[in-house]
Structure formats: structure tokens, C-alpha cells
There are 2 protein chains.
Amino acid sequence: MTFNYRLPVNIIFGCGTAAQAGAVTRPYGTKALIVTGTSSAKRSGLYEKVRGSLEEAGVNSLLFDRVTQNPLTTTAMEGAEAAKASGCDVVVAIGGGSIMDCAKAIAFLAVTDGDINDYIFDRKTSDKALPLVLIPTTCGTGSEGNGIAVLTNPETGDKKSLRGEAVIAKASIVDPECMMTMPPKVLAAVGFDAFCHCMEAYTARKAQPITDAMALYAMELIAEVLPELYRGSRDVEKWEKLSVASTIGGMVISQAGVTLAHGMEHPVSGLRDVVHGQGLAALTPVIVEASWRGDEEKFARISRILGGETAADCTRRVRALLEEIDLNVTLSRLGITEGDVAWMAENCMKVSAGPVANNPVTFTQDEIAEIYRKAL
Amino acid sequence: MTFNYRLPVNIIFGCGTAAQAGAVTRPYGTKALIVTGTSSAKRSGLYEKVRGSLEEAGVNSLLFDRVTQNPLTTTAMEGAEAAKASGCDVVVAIGGGSIMDCAKAIAFLAVTDGDINDYIFDRKTSDKALPLVLIPTTCGTGSEGNGIAVLTNPETGDKKSLRGEAVIAKASIVDPECMMTMPPKVLAAVGFDAFCHCMEAYTARKAQPITDAMALYAMELIAEVLPELYRGSRDVEKWEKLSVASTIGGMVISQAGVTLAHGMEHPVSGLRDVVHGQGLAALTPVIVEASWRGDEEKFARISRILGGETAADCTRRVRALLEEIDLNVTLSRLGITEGDVAWMAENCMKVSAGPVANNPVTFTQDEIAEIYRKAL
């Protein structure tokens, strides 16, 4: 066993901590680009709260609110231009994974010349970015716990991650109260994404004891609270559990990586702008069924966390969890057709070589195409 | 629940990784002060291996080999003088907790003016130190996983920690092969220290989910392998498990803190130069018995890890673990007398206010004196 564990996150966790945004940001700059989506952070009042807190701490801000689901490399470039033009020295994100990931890329591009695709495909490297403060409003992506930013190139459809310590947030403010405004349908998708992060990191070839410990614990938390929260529970302690589990999910994939479900989902949402968590829900049971023999001990442990017993039982248990949160979807229902399979399988080998190799069972392009077909 | 998780460690783990010392150190400097104890790193050949690896990577070195068990503030000052006089720009430690802790203080003092005791007692602060590379040779202290350096002031007997991100190693090379030369008696003491780190962090008032996850996992590993390793097993996989568990123990106390056993042990070894793990072994069962009602759920979980069932059973289970590794000692057998109790109880309130407050049950000075008496 050899591994490297290196993850300089700074997680500030707790109900009400969003109000500390100003004090947390101030050590890193005096002019913030606040990155949000087109509406929800404003509707919920969180944007105003954070903006006010920054102002009180002596941090001016400029709003960049053009980030959409499955954020585009081109949007990140626009944001970086805005940051540069107005002399922003820190980037504050308020939102879900798309927004945090785009904010990371904006912070990176604001001090890095050239084409972001070169950095995404490792043709160039840089270890610089504006300091980042992230305030997640969904508990799923875990982007607040790592140096990963997934972006889609609108020209090629390539959905792939920019990675590096430069885009690990100087501080992430994880305030469970900010999550409680999520609609149930969003919660189901992001909650399952968090579960997948933990399950994939735990069964990854690059898994290591420290991430195993965290992933197991977080899967237990998610299995315990997600269905109840989906049914509308306002129990703060349960929201805290899901929030911390989601952050842990982000942390573990940063060290152990994701595996095939994430690897195969990126072509799906890169091609058809599918909701990431729904794409995962369509693919994961089929992939678990094809992969559990690659690590029976670990899949058995996941199965037990979900109320099952054996590795062979794991697929059924994952489906049962999906049923409980009304997320038992197929790729067809998400708008994917048989005609998309060949492109997705080929694109998966291109953008997800790492995750494909990190899966406990390694599949060829043809086998991956077959998995897509089974998930239709 | 509110917490901050911030721990920028960089753990390079695996058999044979000590040979990477040069490559790992080179980014941080070109002249290293190598800190060791008086003999064992030289006897085992590890010192020569590391020195050679540094040289090959273009890092000159100077040896400082005067560190003893329960390292003294005065030794750290000597080491810092040596580092300054010879222009060292990086500190490399090879050894157990005493050596790593002393190396941390040396790195700190090499760039910090004034009396180290002011920093230990929080009368002054500084966030600077020379970069540190730590190579542990015992699996117990976990010093490689945190920014804590425990030192003893020979004038006052105060044994207390210097803390801060400045003394978190830039890289820690955890090579299980370096542990395998430990004599069984040393292994028992350091292995139990590691278990206490996890147990204390897990039951601490400052416990948080991320450290709970790691502490539980590491306790399982230690309970699984420590007795067998003590009996002489050379199974590399088991040594790996203990080594990683020990590093995790260091990580979790850095965020959640230690509690009463560590808090009460420091006066013991500060006064009589007792082996830390033996002092813990004498105190821990008495403290668990006095504390388990403070968190029945968590002590029950520890009990189950040790083969028991309930929180009430935890003390007996801890004693059973100690029996298995021939560490069921008393303070009397370690040279402590009834006449020492009053000083130790008073000193505990002075040097261990944090750990005392972090225990699931809070005890007065008189009650702490009574616990010392029960452990005699």
C-alpha cells in the first residue's frame, strides 16, 4: 500500500456560518467577484446576506451571475474577464456545484493566460489562482472540499475537470441552513451524487485508508438521513449530517478519485445537459452490477450500509435507495437515445481515462457502450 | 454542530518511501538540519540512508543528534542555534515523537526570537518556521500528522505543547518498514498512545464528524493488529495498518484535541521522565471508568471495537487490550508516589486546561488528584 494524502482544505461548518462570509474573506482580499447562478441565491436572500457581510468587513464586491447548470468553459472565461477588468483579488461563490466549479475556473483564469482546455487536458500546468471562498447551497457536489472543477467545452461537448491545489478554497463555509431551501428533486439528485462520490472513492483502485474511513462514515450518514430529508424533514441535525457527508464526499474523491459512474456520466451531461445526479442514478446500478466482483469485501460493506448483506446484493440496495428518493430513472427518460451511445463510449475513453482505470473492474470501450445500452 | 477542519498535512505513505527523502526535501531547501535521537536511527542505518538520499538530491546536511525522550525546551533551543549558525533552511527529523516534536520546535525557534515558553503558553504567537520533513520511526505519536510539539521545560517540569500550522510538516514520509525495528516494549507503549489519540479525539467535546470517521477507523485497525504485532508478527500489511492508524491518531487530535488521559499524563512524564505510553496505560482505564457516562453512545462504540458491548464494559475492554500487550501498569510501578499527587493535580490544571475542558466529563482539581491516586 502506497499513497499520498494532501488536501489543504479549510472547512468552516455550522448553521449560521454564512454570516461570517465577510470576516472569512477579508484576509484574502478587498474586492470580491461574487459568483452565483442566475436566480436562486438572490431569491433566497443569501446573496444579499453575503454581500452585506463582505461590505461590513471592508470587502467591495461585483456580481457575476451568469453561471448555468453544467458550467461552460466559455462562461468561466467571461467571469475571469470581469474579475480582471474590475481588479477583483478574491472570488466568492454562492451556489451548488456548477457555480463553485465555475468560480474555481474563474479564479484560475483570472491569473493564468492561455486556453483553459490546455490545463484541463494537462497540456499545460499552473499552480496559481485568485483566492477562493466557497459557500455551497446544495449538499452533493462536495466541490467545497477539493481542488476539482468540472467544466464543459461547448464546442466539443467534452465535460472534464480542471484540477489542482490552486483551486482548493482558502475557506469553505458549509452552512446547513443554506441547503434547506433546496427543492426535493434537487436534493435527491445532489444527495445521490454525494453518495456516489463516497462509494466510488471507497471502491476506487486509488482508495486509501484515510479516504476509506471518511467515505464509509459519510455513506452511513447519507443512508441514514437522505430519504427522510427528501420526504420533507426540517430536522436540523439531519441536514447537518447530509451537509457534512457531502463535503466529505468532495474530500475523498480529491484523493482517491471517482470511478466509472462519474466517468460515464460526464459524456451524458456533456452531450445533453442532463442533471448530473440523475445521470448518475441511471448509470450507477448497472455499473455496480458489473463491478462488484472486483472488490467483494468493499461492495459487501456498502451493501450493509444500505441495509443489505452481500456484495451481490449491492445493486438491489442501491436501486432501493433510488426508489426511496424517486430517482430510479433511465438514460432514455433523460433524453439519451441508442444513437448517442457510440459517441458517449468514445468520449468516455477520452475525457474519463482516469476514472475508467480507477474502477475496480476495467472495461473496454465496447463494454462501456454495452453498459450505456443497459442503462437506456 | 459547528466546527472548523483545517489540516494541511502531506502524507507520503508506503514501504520504501524513506528512500524518497531527498526528492521530497529538495523543494524546500538545500541545507538540512537532520534531527535524530542519540543512537537508534544511526544503528538501524536509516540515518545514513536519508543522509545519502538528501545528498543525492543536492541537499547538504548537518546532524543534530542530542534529542532525548520527553524532549526539553532547552534542547530545542540548542538545535535552533545549530540550525541558525550553519544556515540550515529545512529541518528533517528521523525518529519517534520526541524527535519529531523537538524538530518542530527547532524549526520554529530557528526563525522566531524570544523564549519558546511564551509561545507554548500563548503569551506570544508566530506563524513562521523552517520547512519540516518528518520521517517517523515509531507508530504512536502521530506527530507527522499535525502541528503539535510537546516539550518539557526542565526548570518547571511543565510538559506542554507548542501548536500551530507553522509546525505542520511540509511532507511526512510514513514508511512502515522504518517502524519494524521497534522493540516490542516500545511498540506496546506507542501503539497504545495511538489508540488513546483516537479514543480521546473521538470522545472529546470538540469532536467533529470528519475526525470521528477517521478515529473510529483507526481504532479498528489498532485493535485488529496491535496485539499480534506485539507478539512479533512481521506481516507487512499489519505494520501498514498500525502505521496509518498512528498517523490518523495524530491528525484527529490536531482538530478535536486530546482529553483527560493525555492531560493527566503530561504532569507524570514532566515530573519523572516516564515513558508517555506507559503513563497513559496507567491512567486511561481509571479515566475511562470515570468518564464513560459522559458519552455512553461513543464509549459503547469503542467498547464494541475492543470486543465488548456497552459503555459500562469499556474500562474492562481497555484493560484487556493492555493485558495483551503487557502494559497493564500502575503509576507506582512507574516511580510515582502519593507525595507526587498534589503537584501533578495542580500542574495538570496549569498545563492541561484545554484537555481537562475537552473531556466528556469535567473534573475538579480534587477529583483529578483522586484519579491519580486510583491509578497509583
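Each chain gets a letter, A, B and so on, in the order the sequences are listed, and its residues count up from 1. Every value quoted in this text rests on a predicted model; they were computed, and no experiment measured them.
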Winner by heavy-atom pair count (cut-off under 4.5 Å) against chain B, out of A:Ala215, A:Ala245, A:Ala213, A:Ala171: A:Ala213

A:Val9 portion near chain B, given a 4.5 angstrom heavy-atom threshold: both

Between these two chains, chain B and chain A, I want each donor-acceptor atom pair under 3.5 angstrom written on its own line with its distance.
unit_1, atom_1, unit_2, atom_2, d
B:Met1, N, A:Glu240, OE2, 3.1
B:Phe3, N, A:Phe13, O, 2.9
B:Phe3, O, A:Phe13, N, 2.8
B:Asn4, ND2, A:Asn10, OD1, 2.8
B:Asn4, ND2, A:Ile11, O, 2.8
B:Tyr5, N, A:Ile11, O, 2.8
B:Tyr5, O, A:Ile11, N, 2.8
B:Asn10, OD1, A:Asn4, ND2, 2.8
B:Ile11, N, A:Tyr5, O, 2.8
B:Ile11, O, A:Asn4, ND2, 2.8
B:Ile11, O, A:Tyr5, N, 2.8
B:Phe13, N, A:Phe3, O, 2.7
B:Phe13, O, A:Phe3, N, 2.9
B:Glu240, OE2, A:Met1, N, 3.1

Which atom of A:Gly147 lies closest to which atom of A:Val167, heavy atoms considered: O-CG2, 3.6 Å

Pairs meeting criterion salt bridge (Lys or Arg N to Asp or Glu O under 4.0 Å) with involvement of residues 9-24 of chain B, two or more places apart: none

Residue pair B:Leu187, B:Leu226: steps toward the side-chain contact (heavy atoms from CB on, under 4.5 Å) verdict: CA-CA 8 Å; B:Leu187 173 63; B:Leu226 180 59; 4.1 Å; yes

Smallest separation among heavy atoms of B:Ala129 and B:Val111, with atom names: CA-CG2, 3.4 Å

Shortest non-hydrogen separation from A:Ala32 to A:Val92 and the atoms involved: CB-CG2, 3.9 Å

Residue, of B:Met1, B:Met214, B:Met251, that accumulates the most heavy atom pairs under 4.5 Å with chain A: B:Met1

Atom group of A:Ile12 that falls short of 4.5 Å from chain B, counting heavy atoms: both

Which atom of B:Val90 lies closest to which atom of B:Pro131, heavy atoms considered: CG2-O, 3.4 Å

Taking every non-hydrogen atom, the tightest pair across A:Ala207 and A:Ala256: CA-CB, 3.9 Å

B:Cys314 to B:Phe299 - nearest heavy-atom pair and separation: SG-O, 3.7 Å

Region of A:Leu216 in contact with chain B, defined by heavy-atom distances below 4.5 Å: side chain

